[in-house]
Amino acid sequence: MDQILKKYCPRIDFESYEDFMENFRIEEPEGFNFSYDVVDEWARLDPEKRALVWCDDTGDTLTLTFAQVARLSDKLANVLTARGLRKGSVVMLLLRQRWEFWIIACALWKIGAIMSPGTIMLTTKDLIYRAESSGAEAIITLDDDYAIAQVDAARAELPGVRDCILVGCQSGGGSVSPRSSAEQCVAQMLSGAGEGTDEAARDDAALTLEDRPGWLDFDRLVAAGSSDWTRPVGEAATTNDDTLALYFTSGTTGPAKMVRQDMVYPLGHIITAKYWHQVKEDTLHCTVSDSGWAKFGWGKLYGQWICGATVFTYDTLKFSPTALLQKLQDYRVHTFCVPPTMYRFMLQEDVASYDLSSVEVFTTAGEPLNADVNLRWKELTGKEIREGFGQTESVVFIANWPWIEPRPGSLGKPAPLYNVKLLLEDGTEAEDGQEGAICVTGLKTGFPPGLFRGYYKNPEKTAEALGGDAYNTGDMAWRDVDGYYTFVGRNDDVIKCSGYRIGPFEVESALVSHPAVVESAVTAFPDPIRGLVVKASIILARGYEPSPELARELQEHVKKVTAPYKYPRIIDFVDDLPKTVSGKIKRAEIRDRDRG
């Protein structure tokens, strides 16, 4: 047991939180590569070990072993290499929670290519910005009408994107009919001979979908690939400092930045999976997250597979609390993590009527968890929800660990390795009960695994964030006398709504692009179910009058200009906005007024 985990952690069992903080270590081997050293190694040690259990809304199901993931990713790596991808190539993935994501990610890392995930709700403008700023060479997305239309509209302005690949083709133009199950797709991909890989991979006529001009069929690509793949050596091999993935920030105060995670980033998620989620080998872990968010890596990939756990995924188009509760019961999920909003929605249902006895640990992150939600959940299930805190730039920094008793409303206590402290504006440490910024300190002595390595192609922002001895997360908290941290809020006004992070600047820019809007301020508004929703305070241009019809028009406008989930659910037409002497909008004053 724990064969792979023990390679990177000299000690994995601890008697107390204090023991954990003092003695936990992660060893970083040279040339670590998650695909080879975790996925392929599990395939060698235990070929039939379950890697993924997947299901969707249609009733389709799939179980993938590590041996299957290893072989399919080998085949895809051969094909993508033949098509020109190489070490350092950036590939954008818009795949929701499709099972193909895991194969694609592993294939990219075998090549040394860089994964850049996003949601299929991105607009044409979003896609152009992300592709241009990252230098993307390929886009892989679902057979989704909206996503395809946005990519098609963007391609004319993206000469650097050579290939667009379609996953899960439903048109019947692919190598697998639209009635084929995921199991049948995998069987046909594995049975592909893969002879003459280079020629087959470059045959656009054979790989392009008949009714989707310019789109390559993922199924045909994998089937065409040879499973004879050798780990690169020399200059083609990856190093620990090479880039594994690029995640885009929320664009709170300007254009979104690209968070660069290096090749040893997955090792940091040993803390996330083993000691916060508390996964166990060969049991099912379920984290609900779209693959476009960093939370997907937190709970559906890195640490779980290092620990030998099986990732469970319910790929649904729309969240249904009853459907999710049913899946937890039917599949006997062992550990479970969702945003607080989902717990709130589930509590609107008859939770007690579902058998959740298999779930040993419930966890949450992404936004603050209301204390009353935790108390109600424990009344119904007998188990508390263990909250955790981290960022796109990190792994879990603070959590309710197995050795401490969770306190409703508290994030818990700091993780080892990261020297987490609460710092005041002058750089001194906050006292108990005093609010301070959550910071990772001691960077001058080295970077721990799991902390980002900078903002891609942005040396100025990288130096600003990581150039000193401490990385300031921008989130505020206070610590009690027992060492528990309580979240206060983010100092840059980012809105956390239903598990999403929404930057006010982007929504305000979308609103101002409408002729009726002169100025706007976007803030978070309290909501009993979602925790927070997006509110827009709007000053109208001359000639426009407030009305419910105009409010709906502005909401639809935002949905078209930016990702639809960012639209303001509340529109407040105002005569003026509170501002500082220098002219900056005082969003905190709006929030305080709304809290009443």
Side-chain angles (χ1 to χ4, degrees), residues 80 84-95 104-105 108-109 111-141 147-165 241-263 265 290-294 296-297 391-394 452-467 474 492 494 500-510 513 560-566:
L80 295 179
L85 292 183
R86 62 199 180 283
K87 178 181 174 181
S89 295
V90 176
V91 179
M92 293 175 61
L93 307 182
L94 314 172
L95 295 170
I104 295 166
L108 294 177
W109 297 328
I111 297 169
I114 301 168
M115 174 186 78
S116 181
T119 168
I120 62 170
M121 293 186 286
L122 293 174
T123 64
T124 298
K125 180 181 177 182
D126 293 329
L127 293 168
I128 292 173
Y129 170 74
R130 291 187 176 213
E132 287 183 337
S133 56
S134 67
E137 298 179 31
I139 298 175
I140 306 178
T141 189
I148 292 170
Q150 301 307 308
V151 175
D152 281 341
R155 291 176 73 176
E157 299 186 44
L158 299 173
V161 175
R162 298 192 305 272
D163 284 338
C164 289
I165 301 170
D241 191 52
D242 285 332
T243 303
L244 173 95
L246 298 175
Y247 288 100
F248 280 75
T249 63
S250 306
T252 307
T253 57
K257 300 182 292 291
M258 295 176 284
V259 174
R260 186 179 84 84
Q261 302 290 7
D262 65 7
M263 297 301 288
Y265 169 70
D290 186 282
S291 61
W293 308 103
F296 186 94
Q391 295 185 312
T392 300
E393 288 90 342
S394 73
F452 79 123
R453 290 306 189 263
Y455 297 109
Y456 194 61
K457 297 183 178 180
N458 197 334
E460 294 80 12
K461 289 295 183 183
T462 297
E464 181 182 326
L466 302 174
D492 62 2
V494 71
Y500 296 140
R501 292 170 57 83
I502 302 170
F505 178 84
E506 184 177 3
V507 183
E508 290 166 3
S509 298
S513 68
K560 294 176 181 177
V561 173
T562 188
Y565 67 86
K566 299 178 182 179

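The distance from atom SG of Cys164 to atom CG of Asp152, rounded to the nearest 0.5 Å, is 7.5 Å. In this structure, CZ in Phe452 is found 8.0 Å from CD in Gln261, a value given to the nearest 0.5 Å. Summarising the geometry, atom OG1 belonging to Thr462 is positioned 10.0 Å from atom NZ belonging to Lys257; distances are rounded to the nearest 0.5 Å. Rounded to the nearest 0.5 Å, atoms CG (Leu158) and CZ (Arg130) are 13.5 Å apart. Distance check: Ile140 CD1 to Met115 CE gives 11.5 Å after rounding to the nearest 0.5 Å.
The side chain to side chain contact (heavy atoms under 4.5 Å, CB included) check on Ala138 picks up Val91, Asp163, with sequence neighbours excluded. In this view, Thr243 and Ile114, Leu246, Arg260, Tyr456 satisfy the side chain to side chain contact (heavy atoms under 4.5 Å, CB included) rule, not counting sequence neighbours. In this structure Ser89 satisfies the side chain to side chain contact (heavy atoms under 4.5 Å, CB included) test together with Leu85, Arg86, Ala113, Glu137, sequence neighbours excluded. Applying the side-chain hydrogen bond (donor to acceptor under 3.5 Å, both in side chains) rule to Ser394 yields no partners; only residues at least two apart in sequence or on another chain are considered. Every residue two or more places apart in sequence or in another chain that forms a side-chain hydrogen bond (donor to acceptor under 3.5 Å, both in side chains) with Arg453 is listed here: Asp262.
Pro117 and Tyr247 get closest at one heavy-atom pair: CG-CE2, 3.5 Å. Shortest non-hydrogen contact noted between Ala147 and Thr141 is CB-OG1, 3.6 Å. Between Tyr455 and Ala465, the shortest heavy-atom distance links the atoms CE1-CB, 3.9 Å. Nearest approach of Val90 to Ser134, heavy atoms of both residues: CG2-O, 3.5 Å. Closest non-hydrogen pair, Leu466 versus Gly454, comes out as CD1-N, 3.6 Å.
Residue-environment remark: NZ (Lys457) exceeds the threshold of 12 foreign heavy atoms within 6.0 Å.
Ser291 places none of its side-chain heavy atoms less than 4.5 Å from the side chain of Leu93.
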Next item on the list: Kindly determine whether Ile502 and Thr562 satisfy side chain to side chain contact (heavy atoms under 4.5 Å, CB included), including the steps that lead there.
Entry: CA-CA 11 Å; Ile502 302 170; Thr562 188; over 6 Å; no

Margin query: Is there a side chain to side chain contact (heavy atoms under 4.5 Å, CB included) between Tyr129 and Phe248? Walk through the geometry before answering.
Written below: CA-CA 11 Å; Tyr129 170 74; Phe248 280 75; 4.0 Å; yes

Next item on the list: Using the side chain to side chain contact (heavy atoms under 4.5 Å, CB included) rule, take Leu94 and Leu127 through it: C-alpha gap first, then chi angles, then the decisive distance, then the call.
Entry: CA-CA 10 Å; Leu94 314 172; Leu127 293 168; 3.8 Å; yes

Kindly list each side-chain donor-acceptor pair under 3.5 angstrom involving residues 118-126, sequence neighbours excluded, with atom names and distances?
unit_1	atom_1	unit_2	atom_2	d
Thr119	OG1	Met121	N	3.1
Thr123	OG1	Asp126	N	3.2
Thr123	OG1	Asp126	OD2	3.0
Thr124	OG1	Gln150	O	3.4
Thr124	OG1	Gln150	OE1	2.8
Asp126	OD2	Thr123	N	3.0

